[in-house]
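Here the structure comes first, spelled out in structure tokens, and everything after it is commentary.
Every chain is numbered from 1 and lettered A, B, ... according to where its sequence line falls, protein lines coming before strand lines. Heavy atoms only: backbone and side chains are in, while hydrogens, waters and symmetry mates are out.
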Amino acid sequence: MAQMWITMGPQHPMTHGLWTLRVKVDGETVVDTEAELGYIHRGVEKICESRDFTQVTPYCDRLCYVSAMTWANSYIYAAEDLLEAEVPERAEYIRLISAELQRLASHLMWLGAFGPDIGNLTLMTWCMRDREMFLDLLQELGGSRMHYNYPRIGGVKRDIPIGFADRMIAKVKLFERRIDEYEMMLDESTIWLVRLQGVGYANAEEMVEAGVSGPNVRAAGVNYDVRWAHPYSVYDEVDWEPAVEKPTSVKGADCYDRYRVRMEEMRQSCRMVLDAIEKIPGGKNTNYANGDEMIYQKAPTRAPEGASGFSNYECTRGASQFYIQGGGDGRGKNPYRLSIRSPMFITIPFVAKTMIGYKVADIPAIMGSFDPCIGETDR
Amino acid sequence: MSNLGTTVTLAQNEEAANECLEAINSRFAGSGIVASVERHSNAKKYAFIRITTPPQHWQALAKWMRFDLEVNYCSMVTGTHFPEGPPERGWEVAYHFLRQPISNQLPDTNTVYVAEKLDGYLVPMEFEVLIPLENNDSPTVPTVQHIWGGADWNEKETWDLVGIKFEGHKNMHRVLNPHDSPEGFHPLQKQHKIRYHDHNEMYDDAQGFGRKPADEGRVK
Amino acid sequence: MPMHPHAKPNFRNLFWYPFKITLITALRTFPIFGKLFGKRLSGGYHNTTHPEFLDDGSASRASRSSEFNDISQQEFAPDRVTSDLFPTLWKPQTVQYPYERLEDMEPWLFVPGNYNGRIGVIWETCTACKLCVTACPNDCLHMTTELRVDVLDGAEGEHGGMGSELEVGGFAAKQIEEVAETLDDFNHVTAHSDTPDQWRFAEVLDLSGSTATVRWNDSGAEQEVETSELFVADDQIVSGRIDLGRCMFCGLCMEACGFTSFFMTNEYDGMSGFSRQDLWFDASRTRVLPSVHQEAVDSELAKRANKERDKRAKKAARAAKESA
């Protein structure tokens with residue numbers, strides 16, 4: 001049969017973002033692929049060279065808009081490395097809670113988009129309904145549902161509101177029962193299994209060598225999580241376990257494993273949040289004023305030339321990294337170079353390679369199971 | 001935490017960092033490659049290795065790091081332009097790596113680390129390799145695309161945005177800028193200013209339709 | 001398609017689960033069964049005792065609560081899937097905007113200091129330090145001056161008379177009576193325009209006794225008006241505009257001001273327009289809620305009046321000393 005290049009163009013409902021995937025098909029089988037990125041390149045790295053360190057934080061929310069809190073936290077840790085800022089413990093607990101709530105919301109968004117790709121439209125409505133709970137919690141905490149501008153260099157912007165802890169515990173406990181419902185619907189569903197098992201094998205060693213990280217690699221049986229390997233925040237004081245799945249085949253992790261890993265991660269995030277809110281220093285029903293020393297410590301605002309800082313952070317989709325060099329405009333008030341490492345930038349070309357050998361109908365399953373978010377890819 | 005994976009402790013991290021430093025120094029001492037153990041100022045203040053190397057030794061160092069030091073994850077490649085810097089440091093390429101403890105993952109198993117029991121080259125470690133280049137118009141660095149898969153697209157992005165050429169890189173192409181960007185246009189070089197967005201000279205409308213006469217000449 | 005080996009047809013998936021779920025749902029619609037067996041049947045999240053959700057702040061902030069939306073009576077369901085009428089019946093609760101508003105039903109989500117809403121500025125207390133302008137990452141704020149009645153000049157009561165006096169070549173203002181009545185009904189939150197002008201401004205040409213000759217700004221006509229009807233106006237009062245088309249509601253301007261004059265209200269409405277110029281909100285469209293506004297303005301008024309009073313007292317004392 002003749003071979004043909006098909007363009008799943010930048011505007012496509014199933015690509016989870018703006019990127020072009022060109023597939024070469026021989027009948028129904030995918031023979032070659034090419035990924036083209038850059039459609040949503042906004043030049044964040046260049047813009048941030050003319051912004052204060054505090055003014056950069058709202059830009060980092062907009063990198064991966066589905067998972068904004070984790071990206072803002074990622075930047076803040078790098079800026080704290082550069083500026084040598086101290087962070088009070090209560091602020092670290094709040095950052096952990098906000099990041100894990102965001103992780104839950106992001107995984108629900110992933111599941112809510114992945115389900116319809118496979119054909120399960122119910123998942124979309126269920127996930128959006130449950131995601132509303134977490135968006136409301138993040139709205140209470142951060143001020144809006146998507147772009148919060150919440151963490152600050154040296155702490156957080158404001159403390160958890162009174163009543164937030166009760167609301168959060170009720171919602172998280174409800175959500176844990178909801179995960180049971182999701183699993184009841186999906187785990188042994190014939191269509192789900194047929195479409196996801198045996199599809200999209202990705203070998204652990206190849207993934208690590210290619211630079212893939214996060215839940216995609218943990219689905220292949222490798223227990224590597226930046227939260228325990230290069231610890232930050234208070235992950236060593238909170239009760240949790242990394243979510244790792246056993247791959248069933250020597251060929252590596254398939255889409256079903258990647259789906260299971262994220263369900264397990266959601267359970268672990270719930271567990272972390274419930275534990276952290278009990279252990280938070282200062283109590284869960286106290287509200288300290290903005291700028292109070294329990295939640296914020298004034299940090300230096302200038303970084304001399306020659307100073308640099310970087311941080312590794314477990315974002316929802318992998319290990320993200322910010323590398324900031326000091327000494328920019330305004331006698332060091334701006335960064336000289338702000339460099340962002342997005343896990344998805346590396347993963348998407350890898351995903352494109354993974355698709356080779358499968359059918360065209362498997363493309364959305366494979367693409368969706370790696371959870372692409374193009375906002376962070378193109379920056 | 002429960003039995004599945006506790007965090008890497010500070011003591012383990014320091015021991016591993018010193019071990020790496022010794023290995024590097026014993027192999028590369030006196031060749032222009034300078035390694036040191038640096039400490040983060042954030043989070044738990046863990047140690048990492050910073051290596052500065054001249055470009056001609058980079059591939060040898062990279063191969064050794066990959067196969068002997070078992071650094072298997074290339075995280076980020078980026079470059080910086082220093083037009084007012086010293087003549088020997090007009091550009092700088094920064095590579096960031098992680099050492100991840102994985103090998104031979106068998107089917108139907110998972111690798112479960114009790115982090116406290118990791119030792120030797122299994123302890124996760126961060127590496128930063130800085131390659132200063134001369135202050136000229138054609139910065140070049142040998143590629144490590146064949147050594148780490150993760151360096152591939154990162155090097156494409158660095159050339160695309162900063163303009164540093166990677167010698168030996170196969171299939172170099174524009175990745176974030178449009179494919180038909182002009183030759184030699186690399187936006188993150190310092191001579192390019194953002195039109196209408198630099199913080200001191202933004203205009204509300206580029207053609208000036210909405211400006212009041214009293215605002216003539218005002219920039220903010 | 002061939003049956004997946006892990007999912008052979010089995011009694012549990014094809015009959016038992018559907019039966020159980022349908023039975024539970026049907027039973028739970030009856031209030032008695034629901035209340036009696038609810039805990040066991042529903043898996044424990046509906047019909048359980050929920051913690052007290054109304055902290056004092058929320059209770060006091062629920063402004064417009066009707067019988068159906070009285071949140072102190074509403075049983076809180078974390079995912080909003082119950083109703084007052086049939087608490088055991090799962091009903092998705094869509095907020096019937098614009099007749100219902102979420103900030104009335106769940107006020108803890110829209111706390112004015114915490115929610116990233118529209119900018120509100122109390123211009124009377126603004127000191128024109130421009131910290132907000134430098135803090136904005138997107139350069140949305142622009143500071144200008146405008147002709148207005150200063151808070152001190154227009155004051156009455158104990159702080160009255162501490163402002164400046166009418167002078168020739170200066171400005172004066174007269175209140176427009178008809179507007180004052182409409183202001184009570186004006187809902188500046190949802191209106192897409194600013195409040196109607198309350199003042200009519202004029203330039204003072206001549207002062208003689210109890211009357212002043214003024215030239216009105218709007219018509220250019222000259223008129224003699226009683227001085228008692230005129231308030232002093234100043235054309236160097238700080239004012240400004242915000243380009244909401246650029247604003248990303250990050251709140252850095254609010255932090256830079258130190259919360260004294262610059263706020264983020266909890267409003268998310270009334271900010272749309274048909275052109276980019278419509279999105280430039282000038283001083284009159286950046287109003288804060290009068291309740292918040294008044295307190296701050298009163299305290300600033302008292303501060304300025306006291307300062308002026310002290311200054312006059314000192315001047316009088318010095319004059320008395322010199323003449324003595």
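Using a 4.5 Å cut-off between heavy atoms, A/V208 touches chain B through backbone and side chain atoms alike. Using a 4.5 Å cut-off between heavy atoms, B/H81 contacts chain A through its backbone alone, with no side-chain atom that close. Both the backbone and the side chain of B/N154 have a heavy atom closer than 4.5 Å to some heavy atom of chain A. The contact between A/R379 and chain B is made entirely by side chain atoms (from C-beta outward), counting heavy-atom distances below 4.5 Å. Contacts of A/E206 with chain B are absent, with no heavy-atom separation under 4.5 Å from either backbone or side chain. In this structure, chain B has no heavy atom under 4.5 Å from any part of A/V226. Neither the backbone nor the side chain of B/V71 comes within less than 4.5 Å of any heavy atom in chain A. Heavy atoms closer than 4.5 Å to chain B are found nowhere in A/F350, neither backbone nor side chain. The contact between A/E86 and chain B is made entirely by side chain atoms (from C-beta outward), counting heavy-atom distances below 4.5 Å. Residue contact with chain A, scored on non-hydrogen atoms closer than 4.5 Å, involves the side chain of B/A94 exclusively. Only the side chain of B/E92 comes within contact range of chain A, judged by heavy atoms closer than 4.5 Å. Heavy atoms of B/E128 lying under 4.5 Å from chain A belong exclusively to its side chain. Residue A/A79: no heavy atom, backbone or side chain, is found under 4.5 Å from chain B. Interface remark: A/L37 contributes backbone and side-chain atoms alike to the contact with chain B (heavy atom separation under 4.5 Å). Residue contact with chain B, scored on non-hydrogen atoms closer than 4.5 Å, involves the backbone and the side chain of A/S339 alike. Using a 4.5 Å cut-off between heavy atoms, A/L82 makes no contact with chain B at all. Interface residue A/A85: only backbone heavy atoms are found under 4.5 Å from chain B. The contact between B/R66 and chain A is made entirely by side chain atoms (from C-beta outward), counting heavy-atom distances below 4.5 Å.
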- Item | Evaluation steps, ring pair (Phe, Tyr, Trp, His ring centres under 6.0 Å), between B/Y46 and A/H230 | CA-CA 8 Å; B/Y46 272 43; A/H230 307 281; 8.0 Å; no

side-chain contact (heavy atoms from CB on, under 4.5 Å), that's the test. Do B/F82 and A/Q325 meet it? Break it down for me. CA-CA 11 Å; B/F82 297 99; A/Q325 289 179 300; 4.1 Å; yes

Output, in order, the C-alpha distance, side-chain angles, deciding distance and verdict of side-chain contact (heavy atoms from CB on, under 4.5 Å) for A/E45 and B/L176. CA-CA 12 Å; A/E45 296 183 2; B/L176 290 179; over 6 Å; no

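Between the side chains of B/Y73 and A/S213, at least one donor N or O lies within less than 3.5 Å of an accepting N or O. Between the side chains of B/N72 and A/E209, not a single donor N or O lies within less than 3.5 Å of an accepting N or O.
Contacts with chain A were tallied for B/V123, B/I147, B/L98; B/L98 has the most, counting heavy-atom pairs under 4.5 Å. With chain B as partner, the option from A/G43, A/G318, A/P231 having the largest number of non-hydrogen pairs under 4.5 angstrom is A/P231.
At least one donor-acceptor pair under 3.5 Å links the side chain of A/K46 to the backbone N or O of B/Q189. Of the possible polar contacts, none joining the A/R337 side chain to the B/T80 backbone as a donor-acceptor pair under 3.5 Å is found.
Across all their heavy atoms, B/S41 and A/E84 have their closest contact at OG-CG, 3.4 Å. Counting all heavy atoms, side chain and backbone alike, B/W153 lies closest to A/A35 at CH2-O, 3.5 Å. Taking every heavy atom of both residues into account, A/N312 and B/S75 meet most closely at OD1-OG, 4.4 Å. The two residues B/M76 and A/Q321 make their nearest non-hydrogen contact at CB-OE1, 3.6 Å.
With sequence neighbours excluded, no residue forms a ring pair (Phe, Tyr, Trp, His ring centres under 6.0 Å) with A/Y39. Every residue two or more places apart in sequence or in another chain that forms a ring pair (Phe, Tyr, Trp, His ring centres under 6.0 Å) with B/H40 is listed here: A/F310, B/F48.
A cation-pi arrangement is present between B/K190 and A/Y336, with the terminal nitrogen or guanidinium carbon under 6.0 Å from the aromatic centre and inside a 45° cone about the axis.
Between B/L188 and A/E49, the closest side-chain pair of non-hydrogen atoms falls below 4.5 Å.
One finds the NE2 atom of B/H173 at 7.5 Å from the CD atom of A/E34 (value rounded to the nearest 0.5 Å).
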